[in-house]
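Chain letters run A, B, ... following the sequence lines, proteins first and then strands; every chain starts at 1. Quick note: numbers below take in every heavy atom, side chains included, and nothing from hydrogens, waters or symmetry partners.
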Amino acid sequence: MEYNFNSIEQKWRKRWADNNTYKVSTDSNKEKFYVLDMFPYPSGAGLHVGHPLGYIASDVYARYKRLQGFNVLHPMGYDSFGLPAEQYAIQTGQHPELTTKENIARYRDQLDKIGFSYDWSREVRTSSPEYYKWTQWIFIELFNSWYDKSADKARSITDLIALFEKEGNASIQAVTDQETVFTAAEWNVFSKEEKEAVLQNYRLTYLADSWVNWCPALGTVLANDEVVNGVSERGGHPVEQKLMRQWSMRIKAYAERLLTGLDSLDWTDSIKDIQTNWIGKSKGASVFFPLWRGIEGEDTSKTHIEVFTTRPDTIFGVTFLVLAPEHPLVDVITTTEYADKVAEYKRVASLKSERDRQSDVKNITGQITGAKAIHPFTGAEVDIWIADYVLASYGTGAVMAVPCGDQRDWDFATHFNIPIKNIFQDKDISKAAYTEKDALIAASDFLTGLEAKVAIEKAIEAIENKGIGKGKTNYRLRDAVFSRQRYWGEPFPIYYKNGLPQTIAVEHLPIVLPEVEKYLPTEDGQPPLGNATVWAWDTANNKVVENSKIDHQTVFPLELNTMPGWAGSSWYFLRYTDPLNTNAFAAKDAVDYWKNVDLYMGGAEHATGHLLYARFWTKFLYDRGYIPFEEPFQKMINQGMILGRSSFVYRIKPLFYYTNEDPYSLDKKIDIDIKKNVDLNMELTRQMPPIFITYSILKKYLNDPYSFSDNNFNIEHKRILKLIKENVQNQNVSVELSINDATPIHVDISLVDNDKLDLEGFKKWRSEYANAEFILENDGTYICGHEVEKMSKSKYNVQTPDELVEKYGADTLRCYEMFLGPVEQAKPWDTKGINGVSNFLRKLWRLFNLDENGSPRLDEGEPSKDNLKSLHKTIKKVSDDLERFSFNTCVSNFMICVNELSEQKCTNKQILEQLLVLVSPYAPHIAEELWEKMGNGATSVTQASFPTFNEAYLVEDNIEYPVSFNGKMRFKMPLAAALSPKEVEEIVLNSPEAAKYLEGKTPKKVIVVPGKIVNIVM
RNA sequence: GCGGAUGUGGUGAAAUUGGUAGACACGCUAGACUUAGGAUCUAGUGCCGAGAGGUGUGCGGGUUCGAGUCCCUCCAUCCGCACCA
């Protein structure tokens, strides 16, 4: 009976769905295992073969864990809010909800064909109100929380208010933007507005004016990681800086924990490094430099510039200060003498985009302000400069310049002839700054003679004792802007009363996205929700009502922004544990049981976005006691991208010229000739069929154009040339067919097999190629060129999983994607090898020796020693390999096993049954079918147990010892495994094979590694 | 510039703790069978060489009886960060 994958796979897809084979429940005594794929955004383009790579790997692992007896949670859903659907809506007027639904249906259809073991009853969609109700709830929880540094966790804002009422804010250790101090008495008489203004500085999500990446074309704000090279990641539109009132997330509060938490995670170093880098921790000190404005008698004791430095040990090397041009004190301190120049410098700096400022490193610019600061230790006066190499957004926006120890300061000082003071013992700083930390400090009062490490501590101590600063840790991580001026996102559960944000109680959630007529920003620049006519909050009836009812008494305007893409994806893994819960984001027992994700599979491109924000929200929910773990994703594997293999045809154009006018002559009439010839070519080329040259001839030419001669052309070339000549009526016209301007043209990969072009198909592909002529190989084929590129429609190299499932079956596709190579690695997609995998499954099928009715004719007796050895070798290899996520080598070993069993003509039932279980995570359909045919119809192979490895079957009586001389393997010698190293040595040395290499000499040394190798040193 | 990853046949790759480099496939070559299918089977296939043999894991060096694997230097490709004080 033939292996008919199409009907088998269809049958089992239906059977699994009907029987709820992959449904899991919390209620279980089994140990849990949580396998999750990164949330896909359902794009209109559907899936190509690159997408399922990670899904297949995680599915194989999930199935493997099930066979091992774990209760495996393996869900799938959609990150279904997002810009593309909105862009499409703007263009077509089609509601994003509709396109999103269609795209999801398409995704689902494609996913279903691959045979994944998802529990679809747990599907979630971020854009469904039942889901985003809880996204809104988390937002409110963040709004109602503050970060207590002394407890090092988030706490309820009501605790904070109680503290304010009792003791004011002076002694509260919080992560806050609050600068002024108030007493309990003062707090208690603050107005409601004043109180809220203060609380905004403490809340974990808060309103603030912030500089944002404004994208006018999209009418929205983008996060830093959504901006690539100054244009929007999606769409490539220009982005500018704009000050806007926005919701922000106080992620900075978690900077330290996000950093230290990385140690406990089983992620790649590369991702951890990216996050470490992004958080950007630096230890040092902030130091106050008192100002001296040069005006006699003025009290300057209260005015100072705060700088941040990581090298307080070099403070005696300070010869000037530099402020960022945007620093608020610049205008205050600049003397009248330099006012114009400073204003001009600031103007020029403001014109430069962030990108220009970054790329222009070589051009050193700066402006002296005329103001001077007092060195807090030496009392010396130092000039204060402004320069755009200092960033307003980092540290304090001011640096103490130590030109002897910092290269940028050195460059600046050298450029402007500022003195450089050397404070390093025996180090030359005439050519460059000395930036290493290994020098002894010199000429630095109490720091002289100390090493940097000691001196840093000493300096901080002195700074703190003197009251001129303190040790400080700085983070590069910024608070995250959380507002988007978009339609297709979660609405905020916020309305405004007297301009103050008010939250809506959880029992009235979700606040459902309103209908709008247009998805664009309003004419007066409001976000798209400004177009909604029913978008006001009625506090009396607790519902959304018409805008016309707004009276600012009981009916108030709702927030017009929506949440960013990362809101819904920051907690979705929690929802899968209890997706239908209407009373909580998930029931406590569900979260407590499933906990965090054990294996997370997805791309590395979310390193600073999703993976950081999800960690932040998880830590927050942990702090507030909602979940029992601090990290969302314990182990992560980043699958590599699958690249496309594009195929090319090469078009050449004939060159026509008048015979009586040599095209290469330098005649006086050359201009006229050229024009005549150009006209001739334009006219005649249009009449000619398109001509394509096979790649192998072209390759010869490209490899060595100089020695390429007409002899390399074959008879085809002459035929075409003749054909063209016949087409030209004019007798005075000559023609050449040169290949040096051959144009590569992408050709659809479905027309190419093994680099051979389907000529008839190609002619039908495009009407302009209908009469194409080809310069072919001698065997009459056309060989295409190829290149590895990203998969894209325009390159005609997209391979969809659907086509392959149709042609080879889902099991073959699954095995082949795994067989390609290590999952983490980027690799080109090439269908060439898929036949090999398809053959493997057919060979597996044949092992079962099915008769015409599909009943296997198997041997029910005891398996042979060889059978057992082949099987147990595979059990060991496959379980070892799966434990280290080496999916590709498993497939190879299945092949080896099937090859061996075929050779042994094994039809043993026990052996084949266990083999099926081993293979089932990779090829579930064929495994189920054969499992059933073997008489296990009552159960599914998914309920089987992973076979147990028995070492005994692998024990060898004889070992083929490789015998090396000086490390080079010369011959092999079969010897009894029981022999001692000494005995092995003797037998080998006395063998005739060895004599050949010994040449009568006595070896210097003989090394015998029992069971492994013999090495003879001559 | 800094940090990370990767580099092995014509191709995808394997070699888990230093122990037979190239398993398993693709492709290619030759052959068998055939009602000519993109089927199946057999043999061969890193490179150089007729052969004996030599040589070989990006380059160069080192440690070791033995190195794809460990150490040092350099090169290339990809990714991330980048005036970060």
Side-chain angles (χ1 to χ4, degrees), chain A residues 225 268-278 280-282 284 286 307-311 314 322 324 357-362 364 387-391 393-402 405-409 411-412 474-476 604-605 607-608 638 640-641 645 753-756 786 807 816 819-822 824-840 842 846 877 880-881 883-884 886 888-897 899 960-972 1003-1009 1011-1018:
Chain A
D225 39 292
T268 62
D269 286 342
S270 135
I271 299 264
K272 285 187 184 184
D273 284 345
I274 291 170
Q275 290 211 349
T276 304
N277 213 325
W278 191 261
K281 180 180 182 175
S282 51
S286 71
V307 301
F308 176 71
T309 176
T310 55
R311 294 291 305 270
T314 63
V322 190
R357 266 170 80 161
Q358 279 172 22
S359 52
D360 193 10
V361 180
K362 285 178 196 124
I364 297 167
D388 61 9
Y389 81 86
V390 176
L391 304 177
S393 59
Y394 185 74
T396 59
V399 303
M400 57 174 222
V402 183
D406 182 286
Q407 193 56 45
R408 289 178 321 265
D409 295 347
D411 292 340
F412 194 83
N474 217 15
Y475 298 94
R476 201 186 70 112
E605 66 273 17
T608 53
N638 304 115
M641 204 193 321
R645 188 179 189 273
D753 181 44
N754 201 7
D755 287 342
K756 285 185 185 136
H786 59 88
K807 217 166 151 184
Y816 185 55
F819 184 67
L820 276 178
E824 302 96 324
Q825 211 168 288
K827 51 206 157 263
W829 177 262
D830 194 341
T831 20
K832 267 198 296 194
I834 201 165
N835 283 318
V837 175
S838 165
N839 286 344
F840 151 67
R842 267 201 296 268
R846 259 181 267 139
K877 184 74 183 150
D880 286 357
D881 285 359
E883 287 305 328
R884 62 192 178 102
S886 173
N888 52 328
T889 49
C890 288
V891 181
S892 302
N893 282 286
F894 293 144
M895 290 174 172
I896 293 170
C897 185
N899 288 346
E960 273 241 303
Y961 274 97
V963 180
S964 321
F965 287 76
N966 293 327
K968 281 234 171 296
M969 208 278 288
R970 294 301 180 183
F971 59 87
K972 287 177 193 168
K1004 284 186 193 142
K1005 200 171 175 186
V1006 177
I1007 286 148
V1008 178
V1009 183
K1012 280 260 166 81
I1013 197 168
V1014 178
N1015 191 18
I1016 297 163
V1017 186
M1018 297 296 291

Holding to salt bridge (Lys or Arg N to Asp or Glu O under 4.0 Å), I want the full list of residues that pass it with A:K807, two or more places apart in sequence or in another chain.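 So A:K807 forms no salt bridge (Lys or Arg N to Asp or Glu O under 4.0 Å) with any residue.
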
Residues two or more places apart in sequence or in another chain: which of them pass salt bridge (Lys or Arg N to Asp or Glu O under 4.0 Å) with A:D409?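 Scan of A:D409 (salt bridge (Lys or Arg N to Asp or Glu O under 4.0 Å), adjacent residues dropped) gives none.
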
Protein-nucleotide distance ([X], atom [atom1]; [N], atom [atom2]), rounded to Å:
X	N	atom1	atom2	result
A:F894	B:A25	CZ	C1'	15 Å
A:K281	B:G3	NZ	C1'	18 Å
A:N277	B:C79	CG	P	17 Å
A:F965	B:C65	CZ	P	18 Å
A:D411	B:A85	CG	P	16 Å
A:Y389	B:C83	OH	P	13 Å

Measuring only the [atom1] atom in each nucleotide, how far is [N] from [M]? A whole number of Å is fine.
N	M	atom1	answer
B:A50	B:A36	P	41 Å
B:U77	B:A23	P	30 Å
B:C70	B:A85	C1'	39 Å
B:U69	B:U57	P	9 Å
B:C24	B:C75	P	39 Å
B:G58	B:A5	C1'	15 Å
B:U16	B:C48	P	29 Å
B:C33	B:G27	P	23 Å

Side chain of A:L391: nearest nucleotide among B:A85, B:A23, B:C81?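 The closest nucleotide is B:A85.
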
Given B:G4, B:C65, B:A85, which nucleotide is nearest the side-chain atoms of A:K1005?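 The answer is B:C65, which lies nearest to the side chain.
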
All N/O contacts under 3.5 Å from nucleotides 12-20 of chain B to the protein, with atom names and distances to one decimal?
unit_1: B:G12; atom_1: O2'; unit_2: A:L820; atom_2: O; d: 2.4
unit_1: B:A13; atom_1: OP1; unit_2: A:Q825; atom_2: NE2; d: 3.1
unit_1: B:A13; atom_1: O3'; unit_2: A:N888; atom_2: ND2; d: 3.4
unit_1: B:A14; atom_1: OP1; unit_2: A:N888; atom_2: ND2; d: 2.8
unit_1: B:A15; atom_1: OP1; unit_2: A:R884; atom_2: NH2; d: 3.1
unit_1: B:U16; atom_1: O4; unit_2: A:K877; atom_2: NZ; d: 2.7
unit_1: B:U20; atom_1: O2; unit_2: A:K972; atom_2: NZ; d: 2.9

State which residues pass ring-ring contact (aromatic ring centres under 6.0 Å, His included) with [X]; sequence neighbours excluded, sorted by chain then number.
X	value
A:F965	A:Y997
A:F894	A:Y922
A:F840	none

Please identify each residue that fulfils side-chain hydrogen bond (donor to acceptor under 3.5 Å, both in side chains) with [X], with sequence neighbours left out.
X	result
A:N966	none
A:D273	none
A:E960	none

For B:G9, does the glycosidic angle fall within 90° of 0 (syn) or outside that (anti)?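 Here B:G9 takes the syn form, which means its glycosidic angle is within 90° of 0.
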
Please work out whether B:G18 sits syn or anti, treating a glycosidic angle within 90° of 0 as syn.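 B:G18: anti glycosidic orientation.
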
Would you tabulate the nitrogen or oxygen pairs shorter than 3.5 Å linking the protein to nucleotides 31-39 of chain B?
none

Could you check if a side-chain atom of [X] sits within less than 4.5 angstrom of a side-chain atom of [Y], using non-hydrogen atoms only?
X	Y	result
A:V307	A:V399	no
A:I896	A:N899	no
A:T831	A:R645	no
A:L820	A:W829	yes
A:T268	A:S270	yes
A:D411	A:Y389	no
A:T314	A:M400	yes

Reckon A:V399 touches a base, only the sugar-phosphate, or nothing at all at heavy-atom distances under 4.0 Å?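 Touches a base.
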
For A:N899, report the nucleic acid contact type (base, sugar-phosphate, nothing); a contact means any heavy atom under 4.0 Å.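 Sugar-phosphate contact only - A:N899 comes under 4.0 Å of backbone atoms but never of a base.
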
Go ahead and write out RNA chain B as dot-bracket, 5' to 3': ( ) for pairs within the strand, [ ] for ones crossing earlier pairs, | when the partner sits on another strand, dots for unpaired; Watson-Crick or G-U wobble, both distances under 3.5 Å. (((((((..(((......[....)))((((((.......))))))(((....)))..(.(((..]....))).))))))))....

Please figure out whether A:I1016 or A:G397 has its closest RNA chain B nucleotide nearer the 5' end.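 That would be A:I1016.
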
With RNA chain B as reference, determine whether A:R846 or A:G833 sits nearer its 5' end, using the nearest nucleotide of each.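 Nearer the 5' end of the strand: A:G833.
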
Could you run down nucleotides 54-60 of chain B 5' to 3' and tag each one B, S or - for protein heavy-atom contact under 4.0 Å? S------

